[in-house]
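Everything on this sheet refers to the single structure shown next.
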Amino acid sequence: MAAALLANTLYSLGFVLEKRALTSLPEVTIRQPARLLRLVLGSPLWIGGSLALAAGFGAQLVVYRTLPIAAAQGIFVSGLVLLVLLSARLLGEETSGRERYALGAILLALLMVVLSLREGADSVSQEAPYPLILLVCVPSLAGGVWLYGSAERRARNRHRRPTTGVEYGVAVGLLYGVSSLAIKGVSSHLTTSGIGGAVLDLLGSPYPYLLLFTGVFGLVMSQAALQRCRASLIVPVCTTVTSLFTAVLGTLSFGEALPDDPLRLALRVAGTALAVAVLLTMPKHDSAPRSPTPAEELASP
């Protein structure tokens, strides 16, 4: 639990620092990945955010060795509260009333997942068949890249309405969901004895290569999206998609049993369903700025 809360803090701080650094950089795009990397690596503030995210990654490894996947994802979603607070304080971002209701519903979904847990009753699996992992991850990666490309093409339309970034968040969330499953797989190979054999065994698994793909593509895609969209919206959407993906498909892939008690099972399923419903109903476009009335134009200096 302590490691999960630490990971939440580090991830929220890392995203906010990266967003603040990106606001002072020239526009970046996934069509010029080398330029994007050159710009961000030249920003000390962005590097500080990346180090915070890397530390959060380390804390996440500890979490996956001690908590079931569904339980871990439920706790990770709690970091959304801290993220929204930091975004408002450090970035000056404001959320609409509808978005605040959506975040509240996500937190309610988190509470339902947490209430479905019972210490000692949930198993923590460490193994998953490699073909099943690839069957789950490869189509998800393809879907995330395709969705991001579609959002980019629509964004280049001069007559488009301002986007909130929901599509970007879903696309990046799919990549990070695959990354989260890969982190779970890597954690299963980290043992206290036989380090050399564990490393060789890890290199023979798909996990390091999935991490490499999601690390490279996720970095480029997330930074371009984070620069043009509000962190207080795109990161919660990304986090929710990642958590749902990992909790549902990760639980099935790694064979971690669902609760036997009907009430706990209902809470976990209802919490997941509520989070999905919130994602589907979130606004896809920002409200266009209101044009001043003739009276306001005359009154202005």
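Everything numeric in this text was worked out from a predicted model, so none of it was measured. For reference, positions follow the sequence shown, starting with 1. For the numbers below, each heavy atom of this structure counts, side chains included, while hydrogens, waters and symmetry mates do not.
- Neither L6 nor L17 shares a network with the other; the hydrophobic side chains, linked directly or stepwise wherever heavy atoms of I, L, V, M, F, W or Y lie under 4.5 Å apart, form separate groups for each.
- Looking at every heavy atom in both residues, T29 comes nearest to L36 through O-CD1, 4.0 Å.
- Between Y130 and S205 the shortest heavy-atom distance is OH-CB, 3.3 Å.
- With rounding to the nearest 0.5 angstrom, the CG atom of L22 is 8.0 Å from the OG atom of S24.
- Hydrophobic clustering, with ILVMFWY side chains joined whenever heavy atoms are under 4.5 angstrom apart, keeps V40 apart from L45.
- With sequence neighbours left out, the ring-ring contact (aromatic ring centres under 6.0 Å, His included) criterion links F15 to no other residue.
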Distance-only criterion, 3.5 Å: show the donor-acceptor pairs between side-chain atoms of residues 213-222 and protein atoms not counting sequence neighbours.
residue : atom : partner : partner atom : Å
T214    : OG1  : L210    : O            : 2.8
T214    : OG1  : L211    : O            : 3.2
S222    : OG   : Y176    : OH           : 3.3
S222    : OG   : G218    : O            : 2.6
S222    : OG   : L219    : O            : 3.2

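- Taken together through direct or relayed side-chain contacts under 4.5 Å among Ile, Leu, Val, Met, Phe, Trp and Tyr, L212 and V138 form parts of separate hydrophobic clusters.
- Here the side chain of K19 pairs a donor or acceptor atom with the backbone of L226 at under 3.5 angstrom.
- Going from atom CG of L39 over to atom CH2 of W46 covers 11.0 Å, rounded to the nearest 0.5 Å.
- Nearest heavy atom pair, residue L174 against residue G143, reads CD1-C, 4.3 Å.
- Between the side chains of E152 and Y168, at least one donor N or O lies within less than 3.5 Å of an accepting N or O.
- To the nearest 0.5 Å, the span separating CD1 on I47 from CD on E18 amounts to 10.5 Å.
- Connection of F245 to L134 is not established within any shared hydrophobic cluster, with ILVMFWY side chains joined at heavy-atom distances below 4.5 Å, either directly or through further cluster members.
- There is a path of hydrophobic side-chain contacts, each under 4.5 Å, that joins V136 to I183.
- Side-chain contact between L175 and S179: absent, with no pair of heavy atoms (C-beta onward) separated by less than 4.5 Å.
- In this structure Y209 satisfies the ring-ring contact (aromatic ring centres under 6.0 Å, His included) test with no other residue, sequence neighbours excluded.
- The shortest non-hydrogen separation linking Y207 to I133 is OH-CG1, 3.7 Å.
- In plain terms, the two heavy atoms of Q227 and P26 that are nearest each other are NE2-O, 3.0 Å.
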Item to check | Verdict with reasoning, L37 to Q223, per side-chain contact (heavy atoms from CB on, under 4.5 Å) | outcome: CA-CA 9 Å; L37 292 175; Q223 298 312 301; over 6 Å; no

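- The shortest non-hydrogen separation linking A151 to E167 is CB-CB, 3.9 Å.
- To the nearest 0.5 Å, the span separating CD1 on I234 from CZ on R230 amounts to 10.5 Å.
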